[in-house]
4 protein chains.
Amino acid sequence: MDVKTLPRREREKLRQREDLLAAALELFSESGYHNVSMREIAQRAEFAVGTVYKFFRNKEDLYKALIMATAAEYHRVLKAALDEQKEVPSVLRDYVAAKAAVVVGGAPTLRLYFAETRGASFNIKAGLDQDIRKLYDEVVAQLASVFASGVKKKVFRKLDPYYMAVALEGMTNAFLFCWLENPKRHSYETNIPTVMDMFMEGVLVK
Amino acid sequence: MDVKTLPRREREKLRQREDLLAAALELFSESGYHNVSMREIAQRAEFAVGTVYKFFRNKEDLYKALIMATAAEYHRVLKAALDEQKEVPSVLRDYVAAKAAVVVGGAPTLRLYFAETRGASFNIKAGLDQDIRKLYDEVVAQLASVFASGVKKKVFRKLDPYYMAVALEGMTNAFLFCWLENPKRHSYETNIPTVMDMFMEGVLVK
Amino acid sequence: MDVKTLPRREREKLRQREDLLAAALELFSESGYHNVSMREIAQRAEFAVGTVYKFFRNKEDLYKALIMATAAEYHRVLKAALDEQKEVPSVLRDYVAAKAAVVVGGAPTLRLYFAETRGASFNIKAGLDQDIRKLYDEVVAQLASVFASGVKKKVFRKLDPYYMAVALEGMTNAFLFCWLENPKRHSYETNIPTVMDMFMEGVLVK
Amino acid sequence: MDVKTLPRREREKLRQREDLLAAALELFSESGYHNVSMREIAQRAEFAVGTVYKFFRNKEDLYKALIMATAAEYHRVLKAALDEQKEVPSVLRDYVAAKAAVVVGGAPTLRLYFAETRGASFNIKAGLDQDIRKLYDEVVAQLASVFASGVKKKVFRKLDPYYMAVALEGMTNAFLFCWLENPKRHSYETNIPTVMDMFMEGVLVK
DNA sequence: CATGAATGAGGGTTCATTCAT
DNA sequence: AATGAATGAACCCTCATTCAT
């Protein structure tokens, strides 16, 4: 499966696919699915229109591939963080750190990803919604089970674990969204501890 | 300003404009900006296509008017809640309750509103972002100033007020989004206190 | 149902539809279904492309309407001739005369019609084949029943009526095709009696 | 002319050309000129697309070669039958038998052939019409001269020999077309004598 | 020499917008 | 003033053809 072991032709093909996806990503995240034409994508990637269709059956397919590739990687990382055998608070801290790292590492796609999971996306007819939501729901469920374990161990207060997960997701997303919009102002290295602290301790003076 | 003081003709025109916006809202929130045609909007509102152009210069304009009308009302309500002269925690509770009430009262619009403020909406090329973000930023700033006041009064811990605002926004949005997707499962009457509690107290056992 | 009783707007619409069909007919019968673009049809009829789609859902639809309109009229006339209560040979003579009259009266469409019934047409995916063949088979069946009646009355020799019908169809089509190709050389007024005579009497000296 | 006298390389090339034509024939007669792509033809013949262009300048060229090869063979057989030195009625019977044999032996091609000679084929823009029609007209002319001879010998009635040829062509084509469409129902062994009989004797009781 | 990846013109179709009625 | 027929630019996609390997 190592890319380097593939024949030269295959490697070349993969490279071109990547280029195409990169071009599409740039354009989609600049202007959105409906404001980008296949011609533009082809031009940006320095291909002819026809060539794009060698790699993707149609525009929807290309978009899906783009989103799902990011989503799959994103969720893989998050689940890995949640699978660690550590104390609950550490797991959560690592989870949030991992989430931040992915966002910071692959910024542009995430705008699209958020649009698909959190916003009202009407980009493509159907199917993507289902696929991507399923992935996302898995992560939230796993996160909830971490909270459930924390509650059982009396580390956390007796609150609904699912809603604790939703709350953490909401807070972290909000911060990451700030960072996406203005990376310079909202240094994520200092914010991540802040958000965790707020979440863990609350805001009231005790 | 009072509608009743306008000549009958003018009142009639305003009514028609409202009908048009209502029809457009329904359709946009069902299918998204790009999957709704001017013809459909006109038909739903029982007008001719040409008539729509008497009220709005073009499709983008109509969409902007729609979003901005919703946003303006939404922000008016939120700011009113924040302007109340009460103890800080009460102000926040009222703010969140007001936010929830608007969402629960006018569900369809909010999907569009969230798409524009929190998601990556690319419905229209530009301009809307600016206008609507300005409104939204005002609310967040005012919310932050409530937090600042709370910190000063030592009701809240010494955290960055802006990030406290972001955190509260993120949490409440996440919950409201759950409710939007599945109003039956996520009864907002019980969730709103839960989210406030989590935000105020944190999740750790003290 | 009289065209003149329709409102002016409706009459106008019908006129335009006719113009469109006429333009399409010209082009299709010059160059064939696949060598004519919707743009060309629109231009020939002096409309914009979009207008064509007000009258016909798509290219296939337009083509079908064209063929079926001709076919329906053609078959109406033929069946009328076959329904006459006369002696069998007269019925056949009238049938052939009617057929010739339709061909002579509406030449260009008939090339397309023949292509659909007798040739190997792959113009459109399906459906037309079925519809038009059903009409055609009805005519042949009715023609066969005329022959059956002639055989019963001993006017005709004891041959398979269906094949007699096929034979007459084949002969008349061949002559009409000659006429279509070169109307001047093959005057149909003299040929129709010739073909009937050959068919009735055979070619051998008795 | 003898294939075996050619160098091995040339023989190989001819073989490949045949394979290509065979593949193209299958596809064209299944789906029609415009519904078959060069890629499909190449694949069916197990060549690369580029290779097809070594044998044929373009798609039209390939189609022309296909039709003309079929037509040439077909006409060779028909002319051979007509060249026999026998009594006129025998020549005609043999001619029709030969025609039937070719059709029955090589069904798929004939659909295309009929489309080109008798129907309204618009597969390719021009040129083919001329070439193939010339061949066909030669056959009809020769057939007519057989009839002329029969008239002179008073075997046939004094009718226009050309129209007698057209009539015979029309009848036989109609029957062969029936057979092409439904070989099981229309056994050609019994039909050919029937059609000849009808043609020779007519249908009236004498 | 054979290959098939790459090209891009051109096809069918939609829909925001205009304007004569 | 309201209408909706007409417009045509622009979209997605296919496929005959070419040419570097």
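Since the structure is predicted, the reported quantities are computational estimates derived from the model, not experimental observations. We use all heavy atoms of the structure for the numbers below, so side chains are in, but hydrogens, waters and symmetry mates are not. Labels below follow one simple rule: chain letters A, B, ... track the order of the sequence lines, proteins then strands, and each chain is numbered from 1.
Judged by a 6.0 Å distance limit and a 45° cone about the ring axis, B:Lys64 is not positioned over the six-membered ring of B:Phe56.
For C:Leu66, the side-chain contact (heavy atoms from CB on, under 4.5 Å) test picks out C:Leu21, C:Ala24, C:Leu25, C:Phe28, C:Leu112, with sequence neighbours left out. For A:Arg57, the side-chain contact (heavy atoms from CB on, under 4.5 Å) test picks out A:Asp61, with sequence neighbours left out. A:Glu12 pairs by the salt bridge (charged side-chain N to carboxylate O under 4.0 Å, His left out) definition with nothing, not counting sequence neighbours. Checked against side-chain contact (heavy atoms from CB on, under 4.5 Å), C:Glu18 has no partners two or more places apart in sequence or in another chain. Listed by chain and number, the residues in a salt bridge (charged side-chain N to carboxylate O under 4.0 Å, His left out) with C:Arg15 are C:Asp19 (sequence neighbours excluded). Residues satisfying the salt bridge (charged side-chain N to carboxylate O under 4.0 Å, His left out) criterion with C:Arg39, sequence neighbours excluded, are absent altogether.
Within 4.0 Å (heavy atoms only), A:Gln16 reaches sugar-phosphate atoms of the nucleic acid but no base atom.
Nearest-nucleotide assignment on DNA chain F puts the 5′-proximal partner with B:Lys13, out of B:Lys13 and C:Lys13.
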Distance-only check: which donor-acceptor pairs under 3.5 Å involve side-chain atoms of residues 40-54 of chain C, not counting sequence neighbours?
unit_1	atom_1	unit_2	atom_2	d
C:Glu40	OE1	C:Ser37	N	2.9
C:Glu40	OE1	C:Ser37	OG	3.3
C:Arg44	NH1	C:Glu26	OE1	2.3

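Of all nucleotides in DNA chain E having an atom under 4.0 Å from a heavy atom of chain B, the first and last in 5' to 3' order are E:dA16 to E:dT18.
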What string of B, S and - do you get for nucleotides 8-15 of chain F 5' to 3' if you count protein non-hydrogen atoms under 4.0 Å?
B-BSSBBB
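Rounded to the nearest 0.5 angstrom, D:His34 NE2 and C:Tyr33 OH are separated by 11.0 Å.
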So what does the secondary structure string of DNA chain F come out as, 5' to 3', with Watson-Crick or wobble pairs under 3.5 angstrom, [ ] for crossing and | for pairs with another strand?
.||||||||||||||||||||
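Pairing each heavy atom of A:Phe55 with each of A:Gln16, the nearest pair is CZ-OE1, 3.4 Å.
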